[in-house]
Protein chains: 2
Amino acid sequence: MTEFILLGFLMERNMSGYDMKQHMSISTAHFVDSSFGSIYPALKQLTQKGYIEVNPIQENKKGKKIYSINEQGKAVFLKWLDTPIEVAKSSISPVLVKIFFYQYLPKDRVRALLEQLVADIQAHRKNLDELKIRLEGGETLEQKLDPYEKCTLDFGMDMYDFTIRWCKNYFHL
Amino acid sequence: MTEFILLGFLMERNMSGYDMKQHMSISTAHFVDSSFGSIYPALKQLTQKGYIEVNPIQENKKGKKIYSINEQGKAVFLKWLDTPIEVAKSSISPVLVKIFFYQYLPKDRVRALLEQLVADIQAHRKNLDELKIRLEGGETLEQKLDPYEKCTLDFGMDMYDFTIRWCKNYFHL
DNA sequence: TCAAACATGTAACACGTTACATGATTTG
DNA sequence: CAAATCATGTAACGTGTTACATGTTTGA
């Protein structure tokens, strides 16, 4: 998964591993956010497989490695992308794992935990909202928000809203 | 995670690793379904930690190991259960990973893939529906469906419905 | 000049899957 | 009696995280 995401980032522009981590922490953090511990080994792998190339810059910044995707890499990425999304593997959510067993907890604890869950989701929802405003409401405007990128933000927020409403309604919170 | 789920199953009744796998494939498959390759080592771990005990039955079935949870195991399980659900780690869904990059695919392919996604979710939704009918609509009635167990089914179905509606609406399918 | 941020990388560990290996029991 | 299902277990592998190790550049 990580390798494909990194290839995807390189489709847009050349960047370093550090740049990719930052990009992830902003653009994709609400559905995937890899650590350096998986990014750097993944870049090594992609280089060895011949999908990307390193363009070390000699300028001021020593050691910084700017990667670029080549034709083979693009082909591999597009082949992966043009393949059905697997719903089964994404599963619904680890949230359900605990709720499944809530019969073993006293009612007042269940209520408290569910209220905490809703508050937590509301906080996440708020963060996404602020992120979207920061990304699209552009004084800066450096990066035009791609429609599908925007879609993942919209979906995230609507999904959070749905979950909050569902919990409040189902559990009478 | 697996270890706690197995402890949770043993809260209800004593059973074997094989039984647990079957129970998972029915009751929890829509949000978690571990393989034997993680169940058996987990049971070994739980035994070594002193949370569960083996009661090998001498009857006809040789080699079958029936596990039971002890007081320490119950305490550990309840402590885990009575801890806030972590929304962050559950993330929204790997579905978004691909959609995020759909700008690199021709429009007709995107449309085809999204239609396939919706059809796939509809199939999952139908399976859940049939499962629920099988579990609650009881001629058999052997196993009374716990309210929270039912909740995970309801949530699953409503989540699928939401996602289907969302995709159709957002992408004008 | 010193702290924060930039920048890369590795090693140990955690946790899960698939495939393999093995054998008993049930049922047509 | 053969096939399906029951039943347990291990080994190799995949993929990710955290913590550690190291050094540079920038800005108050």
Side-chain angles (χ1 to χ4, degrees), chain A residues 1-10 14-26 28-29 31-49 51-68 80 86 88-91 93-94 97, chain B residues 1-7 9-10 14-26 28-29 31-49 52-68 80 86 88-91 93-94 97:
Chain A
M1 181 95 306
T2 308
E3 291 189 14
F4 290 112
I5 292 166
L6 301 183
L7 287 178
F9 285 162
L10 292 176
N14 297 351
M15 55 178 113
S16 66
Y18 194 86
D19 294 335
M20 291 181 205
K21 170 64 183 163
Q22 284 195 134
H23 195 204
M24 275 190 138
S25 298
I26 297 169
T28 72
F31 57 91
V32 66
D33 193 9
S34 309
S35 64
F36 285 123
S38 53
I39 291 172
Y40 288 122
L43 289 171
K44 202 179 185 181
Q45 278 294 308
L46 288 169
T47 309
Q48 280 170 6
K49 287 176 185 168
Y51 300 161
I52 63 176
E53 277 143 34
V54 204
N55 312 103
I57 51 173
Q58 299 85 336
E59 307 162 27
N60 49 350
K61 316 206 181 200
K62 287 165 193 166
K64 187 167 183 179
K65 290 164 143 185
I66 304 292
Y67 292 89
S68 59
W80 167 76
E86 288 179 75
K89 290 195 178 162
S90 61
S91 81
S93 113
V97 172
Chain B
M1 182 95 304
T2 309
E3 291 188 15
F4 290 112
I5 293 166
L6 301 184
L7 286 179
F9 285 163
L10 291 177
N14 297 351
M15 57 177 113
S16 67
Y18 194 85
D19 294 334
M20 292 180 205
K21 171 63 183 163
Q22 285 195 133
H23 195 205
M24 275 189 138
S25 298
I26 296 169
T28 73
F31 57 91
V32 66
D33 193 8
S34 309
S35 63
F36 284 122
S38 53
I39 290 172
Y40 288 122
L43 289 171
K44 203 180 184 179
Q45 277 294 308
L46 288 169
T47 309
Q48 280 169 8
K49 287 175 185 168
I52 62 176
E53 278 142 36
V54 204
N55 311 103
I57 50 172
Q58 298 86 334
E59 306 161 28
N60 50 347
K61 316 206 183 203
K62 287 167 194 165
K64 187 167 185 178
K65 290 164 143 186
I66 303 293
Y67 291 89
S68 60
W80 167 77
E86 288 178 76
K89 292 194 176 160
S90 61
S91 82
S93 113
V97 171

Open item on the list: So B:Lys64 and B:Asp19, do their side chains get closer than 4.5 Å, heavy atoms only?
Closed with: yes

TODO: Would you mind reading off the distance between A:Tyr40 atom OH and D:dT18 atom P, rounded to a whole angstrom?
DONE: 16 Å

Task: Under the ring pair (Phe, Tyr, Trp, His ring centres under 6.0 Å) test, residues paired with B:Phe4 that sit two or more places apart - done: B:Trp80

Open item on the list: Taking the minimum atom-to-atom distance to the side chain of A:Lys64, which one of C:dG16, C:dT8, D:dT8 wins?
Closed with: C:dT8

Open item on the list: Using the side chain to side chain donor-acceptor pair (under 3.5 Å) criterion, which residues pair with B:Asp33? Sequence neighbours excluded.
Closed with: B:Lys21

- [ ] Mind calculating the distance between CE (B:Met20) and C1' (D:dG9) to the nearest angstrom?
- [x] 15 Å

- [ ] Report the distance from atom CZ of B:Phe36 to atom C1' of C:dC20, rounded to the nearest whole Å.
- [x] 15 Å

- [ ] Please state whether the phosphate of C:dT8, meaning OP1 or OP2, lies under 4.0 angstrom from any side-chain nitrogen or oxygen of A:Ser16.
- [x] yes

Open item on the list: From C-beta outward on A:Gln22, which listed nucleotide comes closest to its side chain: D:dC6, C:dC6, C:dA7?
Closed with: C:dC6

TODO: Under 4.0 Å from any atom of DNA chain C, heavy atoms only: list the residues of residues 41-49 of chain B that qualify, in numerical order.
DONE: none

Task: Strand DNA chain C in bracket notation, Watson-Crick/G-U under 3.5 Å with | for pairs to another chain - done: ||||||||||||||||||||||||||||

Open item on the list: Nearest whole Å is fine: how far is D:dG14 P from A:Phe4 CZ?
Closed with: 14 Å

Task: Per A:Tyr18 side chain, nearest of listed nucleotides D:dT17, D:dA7, C:dC6 - done: C:dC6

Task: N or O in side chain of B:Thr2 less than 4.0 angstrom from C:dG16 OP1/OP2 - done: yes

Open item on the list: From the set D:dG9, D:dT8, C:dG16, return the single nucleotide nearest to any side-chain atom of B:Met1.
Closed with: C:dG16

Task: Value in whole Å for how far the C1' atom of D:dT15 lies from CG of A:Leu6 - done: 13 Å

Task: B:Ser35 vs C:dT18: side-chain N/O to OP1/OP2 distance below 4.0 Å - done: no

Open item on the list: Check the phosphate of D:dG9 against B:Lys65, side-chain N and O only, distance under 4.0 Å to OP1 or OP2. Yes or no?
Closed with: yes

TODO: Could you state the atom-to-atom distance from CD1 of B:Ile5 to P of C:dC15 in whole Å?
DONE: 12 Å

TODO: Please state whether the rings of B:Phe36 and B:Tyr18 are parallel, tilted or perpendicular, taking 30° and 60° as the class boundaries.
DONE: parallel

Open item on the list: Would you say A:Ser38 places a side-chain N or O within less than 4.0 Å of OP1 or OP2 belonging to D:dT17?
Closed with: yes

Open item on the list: For a quick check of understanding: with a heavy-atom distance under 4.0 Å over all strands, which category does A:Gly17 fall into, base, sugar-phosphate or nothing?
Closed with: sugar-phosphate

Task: For atom CD1 of A:Ile39 and atom P of D:dT18, their distance in whole Å - done: 12 Å

Task: Within-4.5 Å side-chain heavy-atom neighbours: A:Leu10 and A:Met20 - done: yes

Task: Inter-residue atom distance A:Ser16.OG - A:Lys65.NZ, 0.5 Å rounding - done: 11.0 Å

Side-chain donor-acceptor contacts of residues 38-48 of chain A below 3.5 Å, not counting sequence neighbours, with atom names and distances?
from	atom 1	to	atom 2	distance (Å)
A:Ser38	OG	A:Ser35	O	3.1
A:Thr47	OG1	A:Leu43	O	2.6

Task: B:Gln22: side chain to side chain donor-acceptor pair (under 3.5 Å) partners, not counting sequence neighbours - done: none

Task: Note, A:Ser68 side chain near A:Glu53 side chain (heavy atom, < 4.5 Å) - done: yes

